[in-house]
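See below for the structure under consideration.
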Amino acid sequence: MNSLTWLLIAALVLLHCLDLLADILNLRAIDPKLPRAFADIYDEEEYAKMQRYEAADTRLGALKTTFKLALLLTFWLLGGFQMLDGWVRDTVTGPIPRGLLYIGTLYLASTLISLPFAIYDTFFLEERFGFNKTSPLTFAVDQLNGLALAVALGAALISLLLWLLGYFGPDAWLWAWLVIAVVMGGVMYVAPALILPLFNKFTPLEDGELKDAVLAYAKREHFPLQGLFVMDGSRRSSRANAFFTGFGRTRKIVLFDTLIEKHTVPELVAVLAHEIGHFKLHHIQRHMIFAVLNLGLFLFLASRALYSPTMFTAFGVHEPSIYGGLALFTVLFSPLSQLISVGLSYLSRRHEYQADAFAARTTGEPGALASALKKLTRSNLTNLAPHPLQVALHHSHPPVLARIEALQARTAPQP
């Protein structure tokens, strides 16, 4: 252990305390009086239910992050990273097999620690508030599919990364950056066809008023629709959503079946116009660029830290290794990663406002999008006006009240 140990621990603890402070302020900021803008969609009982859900969900999240941080620090200070390294060296030979076993063990441990929280969240918290539609079998299959996918993709990427770092040395980060960026793009391309169907069923939107309205809008906006699909979201949850996925020939717009069930055609067109707005305004491309740049920063800094005895000493590891350095640097990088995520979330919130404005302008019905947002908020029990610190730290979307106010300003008569 050295001064870097205590500096990093202090950073992790302080950031966690900041998160807890944001949670406390967020719960205290909930106004017990129903906002006037939601008087037509909420009743007092539903609004009180939202407040109870927000409190319960916040407490569970705080307990989970506190528990995981406490386990990490205990494992670290008791020499866990060194003991794991010793066990790996005694069990297998070669840098790549050792790296896969070392990193894989840490990943599996993290997954198992999170599993009880996921079970409680799904079958107790979500069940209590009427969201859960997931059967134990579906939950188990989802967990196993997710784990198998992570192992398959993760093992290949980690093996390649370890080989590049071992072969090219400190300059390997550039090659690794290029290769992993290409792999990320490839995964995004094949995900709609090969990965997403592992978890949900996607069926083409049937002919009718909604499909005609969407196709007419897409044609008017010169947006080539490669696929318009309905996802069986109701199989797992009563929550409603829509999203844009893939690119090129695999580009899809996906509507949850729960969304279609609860919204009018103009509202659904407005929601899809919002998603199309993200594409037309190049938001998706910008997020991809920032993700690739963030990856490059991580790999560049990691390639320097891998050869620093100071970092290994900080984690109590006696014998440096590339695989151990990658795992340890992930912890070292986490405070900076959290700060970067704050900036990216700010950018994402700006993009949401811009996509809202695009949808309002191109459909000519800002009221339809405002109505859809209200219904989504009610069905998902979303906090209407979270505390600004909570928004700054964690929210990729602006508060719904702020979004509705912006949309209403577009319909207000101009002086």
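The chain is numbered in sequence order, starting from 1. The analysis underlying the following values was restricted to heavy atoms, covering all of them including side chains, and did not include hydrogens, waters or symmetry mates.
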Within-4.5 Å side-chain heavy-atom neighbours: Phe312 and Asn2: no
CA sep, side-chain torsions, deciding dist, call: Asp232, Lys201, salt bridge (Lys or Arg N to Asp or Glu O under 4.0 Å): CA-CA 6 Å; Asp232 60 340; Lys201 182 179 179 180; over 6 Å; no
Min side-chain heavy-atom separation Pro335-Leu12 under 4.5 Å: yes
Min side-chain heavy-atom separation Leu272-Tyr217 under 4.5 Å: no
Stepwise side-chain contact (heavy atoms from CB on, under 4.5 Å) test for Phe67 and Phe117: CA-CA 10 Å; Phe67 182 69; Phe117 292 97; 3.8 Å; yes
Test side-chain contact (heavy atoms from CB on, under 4.5 Å) applied to Leu336 - qualifying residues, sequence neighbours left out: Leu297, Leu301, Phe333, Ile340
Whether Thr65 side chain and Ala62 backbone form a donor-acceptor pair below 3.5 Å: yes
Approximate separation, where rounding is to 0.5 Å, of Lys49 NZ and Gln51 CD: 13.5 Å
Residues His287, His351; criterion side chain to side chain donor-acceptor pair (under 3.5 Å); working and verdict: CA-CA 10 Å; His287 281 286; His351 287 170; 3.2 Å; yes
Non-neighbouring partners of Leu108 that pass side-chain contact (heavy atoms from CB on, under 4.5 Å), sequence neighbours left out: Leu112
Partners passing side-chain contact (heavy atoms from CB on, under 4.5 Å) against Ala372 (at least two apart in sequence or in another chain): His263, Glu267, Val271
Donor-acceptor pair between Glu127 and Tyr120 side chains, under 3.5 angstrom: no
Residues that Val400 engages under side-chain contact (heavy atoms from CB on, under 4.5 Å), provided they are two or more places apart: Phe38, Leu373, Thr377, Leu384, Ile404
Shortest non-hydrogen contact from Thr74 toward Ala70: OG1-O, 2.8 Å
Non-hydrogen side-chain atoms of Lys133 and Arg236 separated by less than 4.5 Å: no
Any side-chain donor near an acceptor of the partner, Glu352 and His283, under 3.5 Å: no
Non-neighbouring partners of Glu261 that pass side-chain hydrogen bond (donor to acceptor under 3.5 Å, both in side chains), sequence neighbours left out: none
Could you pull out all donor-acceptor pairs under 3.5 Å where a side-chain atom in residues 153-182 meets a protein atom, sequence neighbours excluded?
residue	atom	partner	partner atom	Å
Ser159	OG	Ala155	O	2.7
Trp177	NE1	Val292	O	2.7

Nearest heavy-atom neighbours spanning Ala305 and Phe329: CB-CD1, 3.6 Å
For the student: nearest non-hydrogen atoms of Pro398 and Arg349, plus distance: CG-O, 3.5 Å
For the student: nearest non-hydrogen atoms of Leu369 and Ala359, plus distance: CD2-CB, 3.9 Å
Taking every non-hydrogen atom, the tightest pair across Phe315 and Leu332: CZ-N, 4.3 Å
